[in-house]
Amino acid sequence: SSSSSSGGGNSTGSSTGGDGSSFSFVLYEDDGRTNEYLDDKASHIPITWDPVSQQLTFGARVGSFEGMLDSRTFHVVVVAPNHGVGVEPCPSPDYTVTYSGHSVVVKI
């Protein structure tokens, strides 16, 4: 599975889900303009995939910064032939997740 988000951000961590194994990473975001991140003015959203339970978890957000979105939408796409492949966003995501900083679990 893959995810995209409305809004900016970078991810860090391990991602090994392509072969059916679990993965986790952290979506990192700051204001993108200042050095406030040096004072921990940033947010981190842990994202994990558990292939046994077939669950994608958007964990509780840690941190904040001025101008941060209170809520964002994640479009989750389960990659299959002719669906969710290539560089263009998928026009029809399989799941749409409204995220407001609290943990959300998506059963795939």
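Numbering starts at 1 and runs along the sequence shown.
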Over all atoms of both residues, closest heavy-atom pair of [X] and [Y]:
X	Y	answer
Gly84	Val79	O-CG2, 3.6 Å
His83	Cys90	CE1-SG, 3.5 Å
Gly63	Met68	O-SD, 4.2 Å
Thr98	Ser71	CG2-OG, 3.6 Å
Asp31	Thr34	OD2-OG1, 2.6 Å
Pro51	Ser21	CG-C, 3.8 Å

Nearest 0.5 Å, please: how far is [atom2] in [Y] from [atom1] in [X]?
X	Y	atom1	atom2	result
Thr48	Phe25	OG1	CZ	9.5 Å
Ser64	Asp40	OG	CG	10.5 Å
Lys107	Thr57	NZ	OG1	10.5 Å
Phe74	Ile47	CZ	CD1	4.5 Å
Arg61	Arg72	CZ	CZ	7.5 Å

**Prompt:** With a 4.5 Å heavy-atom cut-off, do Val76 and Ile108 have their side chains touching?
**Reply:** yes
**Prompt:** Where does the angle between the aromatic ring planes of Phe58 and Tyr99 fall among parallel (under 30°), tilted (30 to 60°) and perpendicular (over 60°)?
**Reply:**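 If you compare the ring of Phe58 with that of Tyr99, the planes turn out tilted.
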Short question: side chain of [X], backbone of [Y] - any donor-acceptor pair under 3.5 Å?
X	Y	result
Asp94	Val78	yes
Asp39	Lys41	no
Asn35	Leu38	no

**Message:** Under the side chain to side chain contact (heavy atoms under 4.5 Å, CB included) test against Val77, which residue among Pro93, Ser92, Pro91, Pro89 passes?
**Reply:**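 That would be Pro93; it is the only one of Pro93, Ser92, Pro91, Pro89 passing the side chain to side chain contact (heavy atoms under 4.5 Å, CB included) with Val77.
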**Item:** Residue pair Val62, Val26: steps toward the side chain to side chain contact (heavy atoms under 4.5 Å, CB included) verdict
**Value:** CA-CA 10 Å; Val62 177; Val26 175; over 6 Å; no
**Request:** Show your reasoning for whether side chain to side chain contact (heavy atoms under 4.5 Å, CB included) applies to Val106 and Trp49.
**Result:** CA-CA 10 Å; Val106 180; Trp49 167 249; over 6 Å; no
